[in-house]
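Quick note: residue numbers are just sequence positions, from 1.
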Amino acid sequence: FMKKIFLTALSGFPDENLGGPNKVISQIISKIESDKYDVYYLSKNSFFKLNNKSENYLPLNKFKYNYSIKLFSKSSFYRKIFTSSIYLHYFFKNSIQKVSSIIEKENWDIVHSHDCRTLFNLKNKKGKVILTLHSKGNIVNDMIELYGNRKTLNSLYRNFELQEKKTLELADVITFPSYAAKELFFYQTKSYEYESKTKIIYNGIDLEKVNKVEIDDSFLLKWNWLRQYELRILTVGAHIEAKNIDQILKVFSLLKVEKPKSCFLICIGSGNKTNELYHLARNLNILENIKFINSLPNYEVLKLMKICNIYLSLSKNVIFDYVILEALACGMNVFASNEGGNKEIINNENGYLVDMYDINSIVQKIINIKPVLNIKAIQSIKNFSLSNMVKEFKEIYEQ
């Protein structure tokens with residue numbers, strides 16, 4: 001019989017151009033068999049059957065959602081309103097109630113939650129519950145990174161910590177995208193009694209899709225100028241504190257001193273630190289050798305990866321970084337912080353693990369390599385394929 005599966009996240013839509021839960025959900029959707037599973041997507045933004053896009057239960061206003069995301073990244077006034085304590089209390093109460101009421105009302109065989117908050121009010125368990133944790137530690141840790149450690153949010157955070165522990169009891173299986181994610185979560189929550197329910201399922205990328213990406217004429221018209229630089233450096237990530245983009249700019253400023261006419265940096269991303277990073281680049285006198293880009297579709301990022309030759313990531317508290325897999329798959333020379341999930345992907349043969357605060361050492365390592373296609377990088381990520389990831393989730397669905 002057809003199994004009815006709810007794939008849930010608190011907000012957003014399945015989208016491979018994003019990171020986190022909705023990217024993973026999008027990937028599962030792309031590979032799951034429509035003749036074996038009735039698959040539904042549920043968030044506070046929408047509820048619809050994926051095998052039949054016309055069967056919508058909530059309005060699907062993706063344009064409105066994407067527009068609000070852009071406003072959030074660009075407008076400090078907008079951010080101030082929608083990160084205010086009053087609004088956040090309202091938003092989470094309303095969103096959690098909306099999602100949980102639908103789960104309670106509908107019959108299902110499997111709920112696969114990619115955000116523990118979608119399970120907070122679930123009392124009537126009807127089938128298997130799978131919880132995939134993408135957060136850096138517990139959910140409150142992620143929220144503090146986004147909204148700050150404010151007294152006005154303390155009651156919300158305390159409630160979420162209690163509710164999160166209840167979801168661990170509710171879940172039949174708990175999955176993490178890396179051992180680093182699991183270790184950090186249990187260290188913070190001290191919920192080791194649920195460790196026997198856990199399974200590591202690495203995030204995966206569509207290697208076939210990456211291999212098919214080609215540098216076409218229209219792309220070259222726009223980007224061929226980049227090839228005049230020997231060191232074509234790329235970094236992709238939200239402009240938030242954890243991504244350490246400021247450290248990347250400092251590395252690049254020293255690199256520009258060493259190789260003044262040979263290096264260029266493409267910085268893709270946006271966030272609450274974008275203006276601050278732009279001013280830092282101007283103060284470091286490196287603006288003429290940097291191109292800031294708010295966002296690009298995933299296929300455009302992959303094309304850039306095939307024309308650039310160095311990928312630089314100095315993130316803190318790394319759980320698992322999709323973009324590093326993509327960079328390796330494109331044969332880039334990857335320099336990444338010696339943190340968490342990075343150590344499960346990079347082994348100093350396929351890339352370079354670095355101390356994110358030792359700027360001089362990073363610069364010297366970059367200068368000393370030959371910036372050519374990294375064959376070992378391409379060969380090393382076969383185990384991190386989308387097919388492997390979906391296969392492991394389907395095995396849980398079938399158990």
Side-chain angles (χ1 to χ4, degrees), residues 3-10 12 14 16 18-32 37 39-43 99 103 108-120 122 125 127-139 141-142 163-206 317-322 324-325 340-345 381 383-399:
K3 286 194 174 184
K4 187 175 182 179
I5 300 178
F6 281 14
L7 295 169
T8 75
L10 191 62
E16 67 170 9
L18 301 176
N22 284 304
K23 184 180 183 79
V24 176
I25 290 172
S26 174
Q27 291 178 316
I28 293 172
I29 291 164
S30 73
K31 293 292 182 181
I32 202 163
Y37 303 98
V39 184
Y40 293 75
Y41 174 74
L42 171 62
S43 76
V99 171
I103 296 176
W108 41 268
D109 298 297
I110 297 166
V111 168
H112 186 177
S113 170
H114 291 260
D115 184 330
C116 67
R117 293 169 295 193
T118 64
L119 302 175
F120 276 5
L122 185 60
K125 184 175 173 180
K128 179 181 284 188
V129 174
I130 302 164
L131 174 60
T132 295
L133 293 169
H134 299 271
S135 57
K136 295 178 180 179
N138 67 2
I139 191 66
N141 189 62
D142 264 13
Q163 293 281 3
E164 183 176 52
K165 288 197 174 184
K166 289 180 182 178
T167 67
L168 301 180
E169 184 178 348
L170 180 74
D172 296 289
V173 183
I174 304 164
T175 78
F176 294 90
S178 67
Y179 286 96
K182 175 183 171 180
E183 288 168 9
L184 180 60
F185 180 83
F186 283 114
Y187 173 77
Q188 288 188 349
T189 62
K190 302 295 187 289
S191 302
Y192 294 105
E193 65 269 31
Y194 301 110
E195 200 168 2
S196 60
K197 294 183 179 183
T198 63
K199 181 178 176 63
I200 306 302
I201 299 182
Y202 284 113
N203 291 336
I205 61 170
D206 191 337
N317 301 323
V318 179
I319 297 306
F320 194 94
D321 203 336
Y322 260 110
I324 285 181
L325 283 187
N342 285 346
K343 294 186 282 188
E344 297 172 48
I345 302 170
I381 48 89
N383 292 331
F384 298 100
S385 70
L386 173 56
S387 297
N388 281 351
M389 182 191 81
V390 176
K391 178 185 174 184
E392 292 193 61
F393 278 128
K394 287 198 295 186
E395 285 174 359
I396 297 175
Y397 298 163
E398 294 299 324
Q399 287 170 358

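- Under the rule for a side chain to side chain donor-acceptor pair (under 3.5 Å), Lys128 has no partner lying at least two apart in sequence or in another chain.
- Partner of His112 under the side chain to side chain contact (heavy atoms under 4.5 Å, CB included) criterion, out of Thr118, Ile28, Ile25: Ile28 alone.
- Remark: Glu164 pairs with no residue by the salt bridge (charged side-chain N to carboxylate O under 4.0 Å, His left out) rule, at least two apart or across chains.
- With sequence neighbours excluded, no residue forms a salt bridge (charged side-chain N to carboxylate O under 4.0 Å, His left out) with Glu395.
- Using a 4.5 Å cut-off on side-chain heavy atoms (C-beta onward), Thr198 and Phe186 make contact.
- A donor-acceptor pair is defined here as one N or O able to donate and one able to accept, closer than 3.5 Å; no such pair exists between the side chain of Gln27 and the backbone of Leu386.
- Not counting sequence neighbours, the partners of His134 by the ring pair (Phe, Tyr, Trp, His ring centres under 6.0 Å) test are His114.
- Using a 4.5 Å heavy-atom cutoff, the side chains of Tyr202 and Pro177 are not in contact.
- Counting only residues at least two apart or in different chains, salt bridge (charged side-chain N to carboxylate O under 4.0 Å, His left out) contacts with residues 169-187 comprise Lys125-Asp172, Lys182-Glu195.
- A 4.5 Å side-chain heavy-atom check between Leu133 and Cys116 finds at least one atom pair inside the cut-off.
- For the pair Lys190 and Tyr187, the cation-pi criterion (under 6.0 Å, within 45° of the ring axis) is fulfilled.
- Judged by the 6.0 Å distance and 45° axis criteria, Lys23 is positioned over the aromatic ring of Tyr322.
- Counting heavy atoms from C-beta on, the side chains of Asn22 and Tyr41 come closer than 4.5 Å.
- At a threshold of 4.5 Å between non-hydrogen side-chain atoms, the residues Glu398 and Lys3 count as touching.
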inquiry  = Apply side-chain contact (heavy atoms from CB on, under 4.5 Å) to residues Ile396 and Thr175 and explain how you reach the verdict.
reply    = CA-CA 10 Å; Ile396 297 175; Thr175 78; 3.9 Å; yes
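- The shortest distance between side-chain heavy atoms of Phe393 and Ile32 does not fall below 4.5 Å.
- Under the ring pair (Phe, Tyr, Trp, His ring centres under 6.0 Å) criterion, Phe120 pairs with Phe160, not counting sequence neighbours.
- The closest donor-acceptor contact from the side chain of Lys165 to the backbone of Thr189 lies under 3.5 Å.
- Ser113 is not listed as a side-chain neighbour of Ile103, based on a closest heavy-atom distance of 4.5 Å or more.
- A donor-acceptor pair is defined here as one N or O able to donate and one able to accept, closer than 3.5 Å; no such pair exists between the side chain of Gln188 and the backbone of Asn141.
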inquiry  = Under the criterion side-chain contact (heavy atoms from CB on, under 4.5 Å), I'd like the reasoning laid out for Lys197 against Leu131: C-alpha separation, chi angles, the key distance, then a yes or no.
reply    = CA-CA 10 Å; Lys197 294 183 179 183; Leu131 174 60; over 6 Å; no
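- The aromatic rings of Tyr37 and Tyr397 lie perpendicular to each other, with more than 60° between the two planes, well past the 30° mark.
- Looking at every heavy atom in both residues, Ser43 comes nearest to Val99 through C-CG2, 3.7 Å.
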